[in-house]
There are 2 protein chains.
Amino acid sequence: MAQKDTVERILDAAEALFAERGFAETSLRTITSTAGVNLAAVNYHFGSKKALIQAIFVRYLDPLADAVTEELNQAEADDKSLAISDLLMLLTRSVYKVHGHSARRITGFMRLLGLAYTQSQGHLRGYLGERYGSVFKRFVGLLRPACPELSDIDLFWNTHFALGAAVFTLSNQQALAAMLESDTGVNTDINQVVNRLIPFMTSGIKSHQDPASAQGAAQGYFNLPNESH
Amino acid sequence: MAQKDTVERILDAAEALFAERGFAETSLRTITSTAGVNLAAVNYHFGSKKALIQAIFVRYLDPLADAVTEELNQAEADDKSLAISDLLMLLTRSVYKVHGHSARRITGFMRLLGLAYTQSQGHLRGYLGERYGSVFKRFVGLLRPACPELSDIDLFWNTHFALGAAVFTLSNQQALAAMLESDTGVNTDINQVVNRLIPFMTSGIKSHQDPASAQGAAQGYFNLPNESH
DNA sequence: AATCGCCACAAACGTATGTTTGAAACATAC
DNA sequence: GTATGTTTCAAACATACGTTTGTGGCGATT
């Protein structure tokens, strides 16, 4: 075959376009015309637009889950206790293994992850949770002993805070870097952003509330009454 | 007038629906029928769907910007040096002032903020930057002396990391809390999430890289070659 | 050589969208 | 009470969308 498979060309084009504009904002006609294939090809090969979206995530996440699993195996075999930053680097290493060193692919991947949360009325989130939940749980299992001073609930929220910081900034890395450059003249590539993210996430995950404010009232930060409809 | 203005009813309905499903996924017919007004009312009162979206953000952010400005005035008048957590609480207080203590409104507001970043091909972000950039800059001006050990560039990225953590988790607070509850049986309302966010963001913002890895190479975290297209 | 399964293609289908239109209803002022 | 400006309404418009259809080509199998 002289050029790429039709299926692959659709996936490549759709991946880039979805990451750039979102799912609903990207039409099958745009996808197929940039891919250079016939309009009907998407429905023929994937069945529907929804299935195409899922296929893109599978192509991204299946190899990533494998890479993370491999890293986790090795880490557990070494049996050294890993610090939080070690685990974050393990994750970063896995992403690099899969996506190579392409800033475009990493940014795109993060944007898609972010979209999976915000858009796609939950059907995608449920699917991803089913398919990759076990790997995620295993990772958290290693994270657990790395911060013994935290409760499970502390750890849950801090982990998602950190995830949010990563997804949000990496998916908007280009725009943010451009903003910073216009202010300071300093250019920041995605590699540097990741290097900054790791200490941020590390100290953030370690953090916990004052016991006083955790009670909800007293001199703690804020306390809300129940929702008044 | 026995019931709310048509304009206001449209804004209320659109605000809730957009936050729930996104902009492109919400049709004017859905908005007008839940608002109980005629389909043409949106185009009559706002001109277009795009203008409606902007109007919603203005209604949200204008009072918030006023509240933050007021708080900033008072903080600068007091002339006491504010710690990072003080500034985050200042922000939180402003949000509460504007939106009252409604979890639904706060979640919705955060979802809209998140959407403004991911969707809306940048035209919305540009508009918001123009209109509220000065308030944001003023806030960062107070944040600056609160972390003297950070460079301007450190501060820029850490601020956006923290913003990402807040937007991402607060906009998905319901789903995340439900996930946690099904695992542990513990319920978490948005108030508690905010109380957890503040220490997370505080210690995250304070963080900075090892000088060694900041150079880009050496024993620092990662280093990427340039993008290979 | 004929047949079969797979794929690409142009065209069409049905539906949902944002927007516009023109008339009716309403409120306000003279 | 008539006139004027504003708002509501049902209907239609034009377009864009995801999907389906039928045809034809191409290679592999028999």
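Nothing here was measured: the structure is a model prediction, and the numbers come from that model. A note on names: the letters A, B, ... follow the listed sequences, proteins ahead of strands, and every chain is numbered from 1.
The aromatic ring centroids of A:F109 and A:Y60 lie less than 6.0 Å from each other.
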Check the pair B:F161 / A:V193 against side-chain contact (heavy atoms from CB on, under 4.5 Å), numbers first and verdict last.
CA-CA 10 Å; B:F161 294 157; A:V193 177; 4.1 Å; yes
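Rounding to the nearest 0.5 Å gives a distance of 10.0 Å between CD1 of A:I56 and CD1 of A:I10.
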Each nucleotide N or O in nucleotides 22-24 of chain D that has a protein N or O under 3.5 Å away: list the pair and distance.
none

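With 3.5 Å as the limit, one finds a donor-acceptor pair spanning the side chains of B:Y132 and B:D62. If you check the side chains of A:R138 and A:N73, you find a donor sitting under 3.5 Å from an acceptor.
Rounded to whole angstrom, the span from the CG atom of B:D5 across to the P atom of C:dA27 amounts to 14 Å. Between the C1' atom of C:dT17 and the CZ atom of B:F23 lies a distance of 17 Å, rounded to the nearest Å. A straight line from CZ of B:R29 to P of C:dT19 spans 11 Å, rounded to a whole angstrom. Regarding A:E25, its CD atom lies at a distance of 11 Å from the P atom of D:dC17, rounded to whole Å. One interatomic measurement links the two molecules: CG of B:L52 to C1' of C:dG18, which rounds to 12 Å at whole-angstrom precision. Summarising the geometry, the separation between CG on A:L28 and P on C:dC9 is reported as 16 Å, rounded to the nearest angstrom. The distance from atom CZ of B:R21 to atom C1' of C:dT17 is 14 Å, rounded to the nearest whole Å.
Put simply, A:T6 has a side-chain N or O that comes within less than 4.0 Å of OP1 or OP2 on C:dA8. Taking only side-chain nitrogens and oxygens, B:S27 comes nearer than 4.0 Å to OP1 or OP2 of C:dT17.
Taking a pair to require two hydrogen-bonding distances under 3.5 Å in either a Watson-Crick or a G-U wobble arrangement, D:dT7 pairs with C:dA24. In a base pair of the Watson-Crick type (N1 to N3 plus N6-O4 or O6-N4) or a G-U wobble (N1-O2 and O6-N3), with each distance short of 3.5 Å, C:dC30 is matched with D:dG1.
At a threshold of 4.5 Å between non-hydrogen side-chain atoms, the residues B:L170 and B:L113 do not count as touching.
Here the closest heavy-atom approach between residue B:M201 and residue B:L163 is recorded as CE-N, 4.5 Å.
Within residues 32-47 of chain A, the residues having any heavy atom under 4.0 Å from DNA chain D are, by residue number, A:L39, A:A40, A:N43.
A:T26 comes within 4.0 angstrom of the backbone, heavy atoms only, and of no base.
Taking a cutoff of 4.0 Å between a charged side-chain nitrogen and a carboxylate oxygen, A:D12 and A:R59 qualify as a salt bridge.
Relative orientation of the B:H160 and B:F136 rings is tilted, given thresholds of 30° and 60° on the angle between their planes.
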